[in-house]
Structures are given as structure tokens and as C-alpha cells.
Amino acid sequence: METLVQLLDLTVRSAVPLLLACLAGLYSERSGIVDIGLEGKMLGGAFAAAAAAAVTGSAWLGIGAGIMVSVGLALIHGFASITNRGNQIVSGVAINFIAAGAAALLGNAWFNQGGRTPQLGSEQRFNPLELPLAETLGQIPIIGMLYEELISGHNLIAYVAFLMVPITWWVLFRTRFGLRLRAVGENPAAVDTAGISVSWARYRAVICCGILCGLAGAYLSIGVSAGFVKDMTAGRGFIALAALIFAKWRPVAAMWACLLFGFLGAIEIRYQGVDLPVVGVLPLQLMQALPYILTVILLAGFIGKAIPPRAAGIPYTKER
Amino acid sequence: MTNPLPRWVDYGLMPLINVAVAFVISGLVVLFVGENPFQAAYLLVRGAFGGGYNLGFTLFYATTFIFTGLAVAVAFHGGLFNIGGEGQAYIGGLGVALIALSLDTVLPWWLTFPLAVLGAALFGAAWAYVPAVLQATRGSHIVITTIMFNFIASALMVYLLTGYLQKSPTLGPRSRDFETGAQIPKLDWLFNPFGVDVGSSPLNIVFLLALVMALLVWLLIWRTRFGYEVRTLGISPRAANYAGMRDVRIIVMTMMISGALAGMMALNPVMGDQGRLQLDFVEGAGFVGIAVALMGRSHPAGIVPAAILFGALYQGGAELAFDMPNITRDMIVMIQGLVILFAGAMEYMFRPALSRLFMRMPSPGTAARQETA
């Protein structure tokens, strides 16, 4: 029981950055802008958050800087793919390299620690929050314990991430903004005919994507860790992309997909080299590769069919 | 659509402008971290071309990038974006190593090498095969599947290197060193007559293979029936279909050729330099190929110079990092990103302005036609 709760707790921890990045991609791709630059935006956000928190001493200024840098990168992607009607995949690849190169270069030049940012103190980070009555309710078997160990004790960004799931659902499916966002991703010409700017709708979607990627980065560098380390996102942006496809571009399913991939990550961390009954020693690499293998199988159409938004990846050219 | 530009503008001036913009931005970043960008540029050029040894390293890196650049370009011609060069090269290295490890005590190098070339190409092509078939028959987006295959390749290689190929626990995850039967010659004999001494740089005969491959890719794409089909499919899948071309076959073949080229990249570091299989020998070269192909406009005549430029950046960047500790090699990654951004995603940004500029200067042809009209 104890180990199971620990495993689930670790699952939630691994799932949070995936979930934020996945929802970020959801906004962008639902509006027709394919984004394989989630990784780069997350990395840029993580670096900016840690650097700003280290210099100013404030976690809040840190998260603000993280979001700003991530939105900045998102706007470059937007400018290339919306205004210049460039290839969105190429632009996303470019964002990943610019962020990875610039973060390591600036980190090294500013802090002289080989690309790391200085170790952050607890007042410069988002610390685990103790939810009300956690200790008292923890005495109750099972439910109380789950409350204390699993639900309580995460940092603010983690709660925001899970809160973003219903919010995203509501924004996309119950607001005018969401309707337009989905419409420009399916049939931009129809939206244009109705006199609504396709570009502006897509730019707003891209900005939402930037904000969430910035939060995901900040969660990594000033939430669960105490500073930025070179390449600290370690492919999470691509797992988030896989989760997005796995969830077939739906917010609630995105949460489950991220929890599933987070669970695989948790098993990988928890059972490294442990000799389990029946299965033996888990090949660590298999667990690492499993999210990608599952996504390929899904894409091949063997477990349901993942159909992207119809206008995804196609630049919109207004008729003249 | 904007007016067509003269060919030399499209293929010569535009890439130069794009690269120039990327360098200006990088220069500003250098200024921002408190170093002199002109001094940095000088150190970089000197580091890349300042002597035979430096030139040897530049061409050694360029060899790698010619392969990955050609791989991306071949796929581009078929309208496919192969982001999986990284994984295909990694698996290609497995092919090289398996041949080398099993034959290096039996055969001389000139028999091992051609077999290793085949091994690299086959393994690389095989790794591209699954995404290609899924794209062609089930419509799975090749960009996503090739990204996924990069990660799967990486996990697989760690598994094999730590589990099966590792020989000594103290040296870490790497195979044993290749014996003389799998050690290929350096290229000093080729450069010495010109008075250039490439010294102890790892430049080797794979460089010549890369140039041959560039020529073969040109022949394949522009001088064969298959190349014509590939280009037709890339420009208009519907036209290709209407003309009775079998798109499944073309997609799978194009991707396998692309994968084979990416796989052959592994010959250069694995056989030509390190003489063993080790972790992460690809070092992002698969992704550099994207920048090289975009800058070289997917034409071998553009890819070879673009690959040499990136080779110079990698070699010069290493030397620069030595002299200016504030500017690490990460700057090259950033420049690579900027080149991809400007030469790839924003290629149309400067086009309207250029188009207007050249409209004002009517070419002799149009002037003559106006007079007769």
C-alpha cells in the first residue's frame, strides 16, 4: 500500500509537466498550428524562470519570466507559421534548437556554472503545499492516507495544471473564443467568411500555448528542482506531443494520457534494477521507449484512429 | 504568388541572405554576453580553416553532415519530412559495428569497408521502413512517427550497448575497439600533394564516399525515372496518382533511401574516428541535416557547401569556446536553429522585397518582348 501510494505520487509528479505541455499543444493544434516546439518552449521557460528567480530572489518573478520567454518563442513560431505561412514543422524544429542553444549559452555566460543556474533557496521556489487537515485526515485508513500522500503536498503549479483540464475543456467547448479557435483549426475559410480574423484567433491560441509551456518549464526548474540544468526537459515536450495524439486532441483524455505516461515514468524511476517477482528485472529502456511505441501503434490505427484537426499544419491564405 | 525570381537569386542570394540574418542575430547574442562579435568571428574562421589540422576536422564534420543533409533532402523531394535521421544514423552505427566486430580479424579493411557501408545503409533503411510503411498505407504522420523512432532507437541502443556489446565494466557502455581489419585509411595522402597537412585530424575516406553519394543523389533525383516520380509525388500527390505512379512504393523507397543515407553517416564517426561503437555518437548530426538540406535547397550542389559551412561552425565553434569561455559550443546549436528558422520556416519573408527589387530591373528577355508587342 505504502509503495503503491508512493508510486502514484511519483506518477502525478511526472505527469504535471507533461500535462501542461500537452494542454499547451492542444490549444495550438486545435487552432491549426502544429507545434513540435513544445520541448523548446518548455526549456526556454525553465531557464528563464530559474535565472530570474536566482537573480531577483522571487519565485513569482521567476514564473513570470518563464512565461514571457515561452510566449516570446511561441510568437516567433506564430510569426513564421501564421504571418509568413512557413512550414510549421520546420519552425518548431528551429524553436527547439534556438531555445536549447540560447539557454545553455546564456546560462554559462551569466552564471559560469557550465550552463546551470545557481542553486535556488526554498523562498525562490514553489514549495509543496500542505492542504488543510492533511495531517488529521491522514489518520483515516486508505482515503485519508491517499488525501495526505497523494492529493496534498504538491506545489501550486501542479494544482494549476490539473485545474487547467476542466478550464481548457470549458474554454474550448463552451466559449465563443473556443468555438472560433476550433473553427480555425477545422475550416478557416468559413471563419474568414464570417468576418472573423483567422490570424488573430490563431495568434491567441499560440499565446495560450506559450503560457502553458512556460508554466511547464517553471514547474521543472523552480518547482520540483532547485535550478536549471542543461537540457533538463529531456524529451518531455515530445512525450507531451505523443500524449496529445494519444488523447486525440481532447482535454480530459489528455490528462489520462499524461497520467499513463507519467505512470510509466514513475515505474521507470521506482523500479530501476529491482528484481520483481514474475517479470524479473525490468529493462529500463523498454519503459523509456514505451510511450513512443504506444503512440506509433496508435498512429498506425491499431487502437482507435487519431484524426488531427483538419486544417492542422496548413497555412491559411486569404482569397484575393 | 510572387513573381518567379531569377535562378541565381532563388538558389544563391536567398540562402546567403538567410544565413547572414542568422549570423547577425548570433553576433548580437555574442555582444549581449559581453564579447566582441568580430573577434569571435575571426577566432571561429581561424579555428575552422586556420591550418591543415583545423581544415581536416572541418571536413570530417562536413562528411557527417553531407550524409544527413542528403537524407533529409531526398525525403523533401518526395514531400516527406524525415526528422528521424538521428535515429536512423544511430541504428546505422549498429550495422557498421556488427560487420566490423565480426570481420575485423578475418578480412582486410578494403573488404570490411564495403560490407560496413552496406550494413550501415541496410540498418538505416530498415529503421526508416516502418514509419514509411505506416505513412504510405495507414496515413500516420511521418514527422511524428520518425520523432518517436528517434527515441525508440536511443533506448534500444542503450539497451544493446549496456547489455550485449559492452565488454568492460570500467570503460562504460561501448563495444570493444575494432582491430586492424576494420580501421580505414585517413586522407593525408590526398591533401599532402597540395601542401596541406591534415595532421592527426580524423578526416578519412568516408569523405570521398560522401561526395560520391552527393553525385549519386543528384543522378537519382534528376536523371532517373524513379527520381522523376519522387519529385512528382512531392509537388503534387494527386498528379502522381493520376499518372498511375504507385505512391506506396515511391514513399517507402524514398524513405528507405533517405534512411540508408542517414545510416551511412555512422561510418564516419564509428569506423573513421572512434574505432568502436559508443553511446550517442550521432551527437545531433541527424538534426543538423535538416538545416543543411534547407540551406542547400535540397540540391547536392547546395548541400555540400552547406555541410562544409556547418562543419566549419562545429570545428570553429570548438576552438572559439577554448579562446572565449563565455561562448560555448551551444552557440552553434542556436545558429543552427536560426538557420533552420530563416532558411526554412521564414523563407518567404525576404521574397516579396527581393521580388519587387528585381521587378524594377526588367531582364533582357522581358524588355525585348515588350518592344515587339
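The structure presented is a predicted model; accordingly, all values stated were derived computationally and were not measured. Within every chain, numbering begins at 1; the chains are lettered A, B, ... in the order of the sequence lines, protein sequences first and strands thereafter.
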Next item on the list: Find the one option among G86(A), G92(A), A109(A) whose heavy-atom pairs under 4.5 Å with chain B are most numerous.
Entry: A109(A)

Item checked: Nearest heavy-atom neighbours spanning A289(A) and A155(B) -> CB-CB, 3.8 Å

Item checked: Toward chain A, the part of Y159(B) with a non-hydrogen atom under 4.5 Å -> both

Notebook entry, point to check: Under a 4.5 Å heavy-atom cutoff, which of A102(A), A99(A), P308(A), P291(A) has the most pairs with chain B?
Noted result: A102(A)

Next item on the list: Count the heavy atoms belonging to other residues, nucleotides or ligands that lie under 6.0 Å from CZ of R329(B), then report whether that count exceeds 12.
Entry: yes

Checklist line | Side chain / backbone / both / neither for F342(B) at chain A, heavy atoms under 4.5 Å | finding: neither

Check: What residue, out of G313(A), S91(A), A242(A), A104(A), has the most heavy-atom pairs lying under 4.5 Å from chain B?
Finding: A104(A)

Next item on the list: Quick one: do I89(A) and I83(B) satisfy side-chain contact (heavy atoms from CB on, under 4.5 Å)? Show the steps, please.
Entry: CA-CA 10 Å; I89(A) 307 282; I83(B) 284 197; 3.9 Å; yes

Checklist line | For S140(B) against A300(A), the heavy-atom pair lying closest together | finding: OG-CA, 3.6 Å

Next item on the list: Report the distance from atom CG of N326(B) to atom CG of L106(A), rounding to the nearest 0.5 Å.
Entry: 10.0 Å

Checklist line | Rounded distance (nearest 0.5 Å) linking atom OG of S154(B) with atom CD of Q285(A) | finding: 9.0 Å

Note to self: Heavy-atom pairs under 4.5 Å with chain B: which of T83(A), N112(A), N87(A), N108(A) has the most?
What the structure shows: N108(A)

Notebook entry, point to check: Between M346(B) and F79(A), is any pair of side-chain heavy atoms under 4.5 Å apart?
Noted result: yes

Check: For the atom pair CZ (F97(A)) and CG (L338(B)), what is the distance rounded to the nearest 0.5 Å?
Finding: 12.0 Å

Margin query: At a heavy-atom distance under 4.5 Å, which candidate from I98(A), I36(A), N96(A) has the highest pair count against chain B?
Written below: I98(A)

Check: I340(B), I332(B), D330(B): which one forms the most heavy-atom pairs within less than 4.5 Å of chain A?
Finding: D330(B)

Item checked: Top contributor to chain A interface from L341(B), V339(B), I335(B) [non-hydrogen pairs under 4.5 Å] -> L341(B)

Next item on the list: Locate the shortest heavy-atom distance separating L105(A) from I327(B); write the atom from each residue and the value.
Entry: CD1-CA, 3.9 Å

Checklist line | Contact class of I239(A) relative to chain B, heavy atoms under 4.5 angstrom | finding: neither

Margin query: Can you tell me how the ring of F32(B) sits relative to the ring of W110(A), calling it parallel under 30°, perpendicular over 60° and tilted otherwise?
Written below: perpendicular

Checklist line | Engaged part of I76(A) at the chain B interface, taking heavy atoms whose separation is under 4.5 Å | finding: both

Note to self: Counting only non-hydrogen atoms closer than 4.5 Å, does P131(B) touch chain A with its backbone (N, CA, C, O), its side chain (CB onward), both, or neither?
What the structure shows: neither

Next item on the list: Give, as side chain, backbone, both or neither, the part of L134(B) having an atom under 4.5 angstrom from any heavy atom of chain A.
Entry: side chain

Next item on the list: Check F238(A) against M148(B) and note the closest heavy-atom contact, atom names and distance.
Entry: O-CE, 4.0 Å

Next item on the list: May I ask you to check whether over 12 heavy atoms, not counting those of F81(B), lie within 6.0 Å of atom CZ?
Entry: yes

